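Notes follow once the structure below has been shown.
Fair warning: this is a prediction, and the values are worked out from it, not measured in the lab.
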Amino acid sequence: LARVKRPKICFLPTASGDADHYVVRFYRAFAASRCEPSHISLFRRETGVGDPHAHLLTQDVIYVGGGSLVSLMGTWRAHGLDEALFAAWRRGVILCGGSAGSLCWFSHSVSSFHEGPPRRLEGLGFLPYSNAVHYSDEPGRRGAFLDAVGEGLPTGYGVGDGAALHFVGTELVEVVSSRPEAQARYVTADGAGGAVEDDLPVRYLGE
């Protein structure tokens, strides 16, 4: 999607507390032979890039890691990265990520990171929908999301592991996957306190 030979890709491991092992995994997956990788650490004295706000605006792709959405949103807002990410999005930088790195772009989500029932949380709101990840892969996620949409959470998407929603602007273009069996569903309220699921077509990116 970046449409350049060696895209600039910046990793934001904020949701994991900038876990070292996660940063190492990023650089292994996004090797310098294929792209220009970098990361921003907000839990370290040195961010690693100088001015994080200016750095984000020069990237082709910003990839957000998984972890705690609550910690992610609070830290970004404290550092003003929410505004920098909005500016990057408006400039056409590709924004992506998994788990909390997916939930963060939506207006609302149902998420569960620590022990306890899934929680209803607000994200950045770039996409005016709700979202739930690990949808049928982790106990309680799907039921909690259906209940939330039925009770007034915005219409949204339940996404299984290995599936990804591809938006251009705020419009869903397609769903792609890294696993043949990955699924995604469009979830709407039924007007009677419940919710209705519609399966979305998924394009497998493998062989």
Under 3.5 Å, side chain of [X] to main-chain N/O of [Y], donor-acceptor pair present?
{"X": "S130", "Y": "H108", "value": "no"}
{"X": "R44", "Y": "D18", "value": "yes"}
{"X": "D60", "Y": "A2", "value": "no"}
{"X": "N131", "Y": "Y157", "value": "yes"}
{"X": "S177", "Y": "R179", "value": "yes"}

Single-linkage hydrophobic cluster [X]~[Y], side-chain heavy atoms < 4.5 angstrom:
{"X": "F86", "Y": "I62", "result": "yes"}
{"X": "L146", "Y": "F106", "result": "no"}
{"X": "V202", "Y": "Y129", "result": "yes"}
{"X": "L200", "Y": "L127", "result": "yes"}
{"X": "F11", "Y": "L1", "result": "yes"}

So which of Y63, Y22, Y27, F26 actually passes ring pair (Phe, Tyr, Trp, His ring centres under 6.0 Å) with H39?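 Checked Y63, Y22, Y27, F26 against H39; only one passes ring pair (Phe, Tyr, Trp, His ring centres under 6.0 Å): Y27.
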Of the non-hydrogen atoms in [X] and [Y], which two are nearest, and what is the gap between them?
{"X": "A195", "Y": "G150", "result": "CB-N, 4.2 Å"}
{"X": "V110", "Y": "A144", "result": "CG1-CB, 3.9 Å"}
{"X": "S99", "Y": "G66", "result": "CB-CA, 4.1 Å"}
{"X": "S136", "Y": "R142", "result": "OG-CD, 3.7 Å"}
{"X": "G160", "Y": "D137", "result": "CA-OD2, 3.4 Å"}
{"X": "C10", "Y": "L56", "result": "SG-CD2, 4.2 Å"}

Quick one: [atom1] on [X] to [atom2] on [Y], what's the gap to the nearest 0.5 Å?
{"X": "F126", "Y": "S107", "atom1": "CZ", "atom2": "OG", "result": "12.0 Å"}
{"X": "W76", "Y": "L124", "atom1": "CH2", "atom2": "CG", "result": "5.5 Å"}
{"X": "R34", "Y": "I9", "atom1": "CZ", "atom2": "CD1", "result": "7.5 Å"}
{"X": "L57", "Y": "L85", "atom1": "CG", "atom2": "CG", "result": "9.0 Å"}
{"X": "S109", "Y": "M73", "atom1": "OG", "atom2": "CE", "result": "9.0 Å"}
{"X": "C104", "Y": "D82", "atom1": "SG", "atom2": "CG", "result": "11.0 Å"}

Assess whether atom CZ of R77 is packed by more than 12 heavy atoms of other residues, nucleotides or ligands within 6.0 Å. yes
Considering residues, nucleotides and ligands other than E83, do more than 12 of their heavy atoms fall under 6.0 Å from its CD?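 Not buried by this count: 12 neighbours or fewer within 6.0 Å.
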Does any non-hydrogen side-chain atom of [Y] lie less than 4.5 Å from one of [X]?
{"X": "E197", "Y": "Y135", "answer": "yes"}
{"X": "F167", "Y": "L165", "answer": "yes"}
{"X": "L205", "Y": "R203", "answer": "yes"}
{"X": "P52", "Y": "H79", "answer": "no"}
{"X": "L72", "Y": "L103", "answer": "no"}
{"X": "S38", "Y": "Q59", "answer": "yes"}
{"X": "Y186", "Y": "V196", "answer": "no"}
{"X": "P201", "Y": "V175", "answer": "no"}

State which residues pass salt bridge (Lys or Arg N to Asp or Glu O under 4.0 Å) with E122; sequence neighbours excluded, sorted by chain then number. none
Is any NZ, NE, NH1 or NH2 atom of the basic residue among D147 and R120 found under 4.0 Å from an Asp or Glu carboxylate oxygen of the other?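 Judged by the 4.0 Å cut-off on N to carboxylate O distance, D147 and R120 do not form a salt bridge.
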Could you go through T14 and S71, starting from their C-alpha distance and side-chain angles, then the distance that decides it, and tell me whether this counts as side chain to side chain contact (heavy atoms under 4.5 Å, CB included)? CA-CA 8 Å; T14 318; S71 299; over 6 Å; no
Step-by-step side chain to side chain contact (heavy atoms under 4.5 Å, CB included) determination, V168 to H166: CA-CA 7 Å; V168 175; H166 175 201; 3.9 Å; yes
